[in-house]
Amino acid sequence: MSIQYLEKERIFCLHTPNTSYLLGIVAQEGFLGHLYYGKRLLDVSGAQYLLRLEESPFVPEKNDRDRSSFMDCFPFEYSSHGVGDFRESCIKIRTAKGHAAVNLVYVSHEIKKGKGKLAGLPATFGNEGEVTTLVITCTDPVTKLNVELSYSAFENVDVIARSVKVINTSGEALWLEKVMSACLDLEAREYDVLTLHGSWARERHMERRPLGYGKTGVSSLRGESSHQEHPFIALLSKNASQTEGEVYGLHFAYSGNFLAQAQRSQFGQIRVVMGISPEEFSWKLESCESFQAPEVLLTYSAKGLGGMSRSYHDLYRNHLIRSPWLHKKRPILINNWEATYFDFNAEKILNIAKESAKLGIEMLVLDDGWFGNRFDDNRSLGDWQVNESKLPGGLGKLVSEINALGLKFGIWFEPEMISPESKLFEEHPDWAIQIPARRPCRARNQYVLDVGRKEVRDYILKQMFVVLHSANVEYVKWDMNRPLTDIGSAALPADRQGEISHRFVLGTYEMQECLLQEFPNLLLENCSGGGGRFDPGMLYYSPQIWCSDDTDAVERLAIQEGTALLYPLCSMGAHVSVCPNHTVGRSTPFATRAMVALAGTFGYELDVTKLSDAEKEEIPSQIRAYHAFHDLIREGTYYRNASYQENHDYDCFQVVGKGGKRSLVFFTQVLATPNEHSRCIRLQGLRENVKYKVIQVNLNKKELLTDAGKVVSGSILMNAGMIVERPWGDFQGRLYWLEEC
Ligand code: GLA
């Protein structure tokens with residue numbers, strides 16, 4: 001078992017293959033203290049001393065007159081509120097009498113094999129051989145609030161999943177005002193903080209900065225995880241790079257408002273907390289009711305950022321994504337959004353489908369505009385009936401014609417939204433999230449539906465099911481194109497209005513769960529104005545998420561680098577689009593665009609009927625490359641060799657197959673520079689004593705591998721490097737295939 005309780009020392013030891021996590025109970029008062037998280041320990045003897053309980057004057061029973069000096073520096077496993085610890089608290093309540101304090105002490109614990117589900121929430125999973133769970137019950141003796149701290153240690157991946165359940169045994173109602181899902185108190189050491197930031201069309205750029213005194217963090221109050229800040233925070237030792245140094249990562253499996261924060265105290269100690277943002281949150285707990293907070297995925301790597309990335313990739317591929325599509329090659333799709341926007345009819349779509357079928361594309365996805373009176377983005381969200389003036393004969397007719405061409409069919413929805421100009425809004429204006437007497441803020445001229453309400457969810461799902469049962473639909477793109485504002489629900493009493501944002505997320509999860517139960521083989525792709533809801537919570541429902549509305553190959557280098565810091569390549573929605581690019585106006589070579597999209601789910605988002613013959617000739621080679629390499633890209637191990645986000649010059653990463661026998665190296669030189677030497681890039685993940693044939697792949701010729709290649713040892717490739725000739729021209733991608741010879 002990877003979790004033990006040492007009775008005499010009163011210490012819990014959690015182990016993953018390369019890490020250990022230790023926490024202990026303070027005998028006198030029952031506080032839970034954090035002892036250690038880091039490299040796997042061979043022997044934990046004497047670990048209790050890390051709590052510094054001998055150090056007077058900090059121990060309460062030795063110095064009750066200065067109790068706060070203990071409370072304000074003890075490494076709490078889950079911090080209390082209002083009783084002397086002035087650092088960030090994890091839990092805060094409002095009792096019927098209006099008091100906020102909570103002070104938790106140990107009551108009991110249980111260690112069991114496996115890992116339970118979290119009611120209504122996405123969560124990692126594993127069988128009894130793969131994961132062990134420790135549940136510690138604590139209580140606040142005054143309010144009788146019980147808190148269960150849950151820790152699941154994985155046997156085959158360096159991750160500990162943490163979550164918290166709060167149970168009201170006080171005998172009367174109380175209000176939860178804050179419930180963090182995890183707290184990590186670390187020794188006073190120098191760290192950098194790494195977070196991800198962005199904007200629409202510029203998602204997940206990395207920012208690294210020194211952790212100073214006070215609070216540093218990211219959060220979202222947009223009702224979704226957001227383009228702007230990501231539910232992730234990492235602490236890095238000063239020397240941490242891709243391959244070396246210590247990294248602590250916390251990633252939140254939740255798709256709504258969040259807080260991820262690191263704090264350096266007066267004594268230099270570090271506290272990291274992660275959970276639902278306490279702003280816009282309050283939850284009424286009747287007596288005997290409980291609240292389940294979402295899960296935080298905690299990892300420690302002694303092998304730099306690369307180690308952290310690979311742990312998250314393995315976790316998500318093996319213990320989070322449930323879709324039957326996870327290990328399957330996804331159909332190469334063509335999406336009509338950038339091809340037609342709202343200006344399409346059945347004939348246009350069929351022409352795109354016909355041309356696509358000839359080129360080897362496998363699925364047509366009909367994006368926004370097929371329903372209601374949706375001729376532009378000002379109307380009709382909520383009216384999910386096929387617009388027969390655009391698609392005469394309905395979806396059934398269109399899809400059977402597309403299927404007859406040998407293509408699968410997929411369709412777009414934005415289920416959580418309502419247009420003020422829609423039949424739905426005429427009938428149910430109170431279904432929009434809004435505050436009485438306040439005109440709700442419009443975004444893309446739409447409002448957000450109150451999907452926390454069951455009748456709203458049922459109504460929308462019913463309409464979706466009618467559409468999806470009317471034709472052979474094998475893929476759904478689930479979009480969400482605006483944040484939540486004007487938080488008010490017509491269905492909740494005054495003292496529950498603070499529940500709306502979380503209820504919204506739970507409602508979305510429930511809708512996606514129902515959709516998948518009704519259509520178990522459906523390939524679901526989540527999306528939110530591009531990658532505004534790319535988070536582990538959504539991955540539990542969909543194996544892939546649209547990474548960004550920016551399909552420019554150069555912009556995508558940075559976006560996909562930041563995304564792949566945490567997510568496996570097989571989850572990143574990526575398409576080839578036309579030039580000049582619709583978002584940035586840049587023109588890049590067709591082969592480079594294909595190479596960049598090959599590092600994700602791969603598809604096209606353009607009007608194939610308008611491509612030149614020369615471009616059309618390249619598509620079958622790109623498709624051959626997808627078929628040849630995608631098993632490796634989907635299942636392989638990811639290594640980053642150069643960061644375009646940092647060097648603003650070139651990008652390089654690798655995927656390596658099992659046993660290090662095969663690898664693909666993706667290299668892009670962004671701008672050409674004169675009079676420069678070729679580059680020599682150190683590869684990773686290969687076997688030193690194996691000789692590899694290094695072949696440059698042709699993405700624009702009939703045969704992919706015509707290059708005679710060079711034979712080079714793994715030792716040379718990893719320690720000296722792989723020579724990459726300077727490409728001629730801007731935006732030049734190079735794909736290399738390495739195989740053991
Ligand atoms: C969002 C998506 C796009 C497209 C449009 C349709 O912006 O990210 O891919 O589906 O909505 O309105």
Side-chain angles (χ1 to χ4, degrees), residues 198-204 222-228 255 333-344 348-349 352 363-384 387 390 409-422 442-449 464 467 473 475-483 508 523-535 538 542 544-552 555-556 559-560 563 571-578 581-584 593 597 600-607:
S199 181
W200 173 75
R202 186 167 41 80
E203 294 88 341
R204 288 171 292 287
R222 293 169 189 264
E224 61 174 341
S225 43
S226 91
H227 299 84
Q228 287 74 13
S255 312
L333 65 81
I334 183 151
N335 178 302
N336 75 308
W337 179 240
E338 286 197 28
T340 65
Y341 296 102
F342 293 101
D343 182 19
F344 65 83
K348 250 194 200 177
I349 296 298
I352 292 176
M363 177 162 76
L364 183 128
V365 173
L366 185 59
D367 210 279
D368 195 355
W370 55 266
F371 53 92
N373 196 23
R374 185 87 167 164
F375 289 96
D376 59 25
D377 59 5
N378 288 314
R379 64 206 87 243
S380 293
L381 292 169
D383 298 344
W384 300 107
N387 180 320
K390 279 190 182 180
F409 179 81
I411 200 163
W412 178 97
F413 283 96
E414 198 180 350
E416 300 141 281
M417 296 293 151
I418 179 168
S419 300
E421 191 183 320
S422 64
R442 292 184 185 208
R444 212 189 189 201
N445 219 352
Q446 63 197 57
Y447 297 148
V448 182
L449 272 175
M464 289 177 73
V467 173
V473 182
Y475 160 108
V476 162
K477 176 174 170 188
W478 181 303
D479 209 340
M480 183 218 187
N481 278 322
R482 63 151 289 173
T508 299
L523 174 53
L524 182 63
E525 175 156 350
N526 266 292
C527 172
S528 172
R533 203 161 56 177
F534 204 126
D535 58 60
M538 296 322 280
S542 65
Q544 58 195 58
I545 304 177
W546 183 227
C547 223
S548 177
D549 276 349
D550 198 333
T551 50
D552 170 67
E555 291 300 308
R556 276 290 183 132
I559 294 168
Q560 295 182 189
T563 307
S571 67
M572 305 194 317
H575 300 164
V576 181
S577 63
V578 290
N581 177 266
H582 290 193
T583 312
V584 292
R593 280 176 268 154
T601 55
F602 194 67
Y604 292 85
E605 187 150 341
L606 42 73
D607 188 346

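Just so you know, ligand 1 is whichever comes first in the structure, and atom 1 is the first atom listed for that ligand.
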Legend entry - Within the 4.0 Å heavy-atom sphere of ligand 1, strictly under, residues: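 The answer is Trp337, Asp367, Asp368, Trp412, Arg444, Lys477, Asp479, Asn481, Cys527, Gly529, Gly530, Trp546, Asp549, counting any residue whose heavy atom sits under 4.0 Å from ligand 1.
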Legend entry - Test side-chain hydrogen bond (donor to acceptor under 3.5 Å, both in side chains) applied to Ser528 and Glu414, Glu224, His227, the passing residue: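 Considering Glu414, Glu224, His227, a side-chain hydrogen bond (donor to acceptor under 3.5 Å, both in side chains) with Ser528 is found only for Glu224.
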Partners passing ring pair (Phe, Tyr, Trp, His ring centres under 6.0 Å) against [X] (at least two apart in sequence or in another chain):
X	value
Trp546	His575
Phe602	Tyr604, Tyr626
Phe375	none

Inset, instruction - Using the six-membered ring of Phe413, assess whether NZ or CZ of Lys477 lies under 6.0 Å from its centre and within 45 degrees of the ring axis. - result: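 No, Lys477 does not sit over the ring of Phe413.
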Inset, instruction - Give a yes-or-no answer on whether the side chains of Thr583 and Asp552 include a donor-acceptor pair shorter than 3.5 Å. - result: no
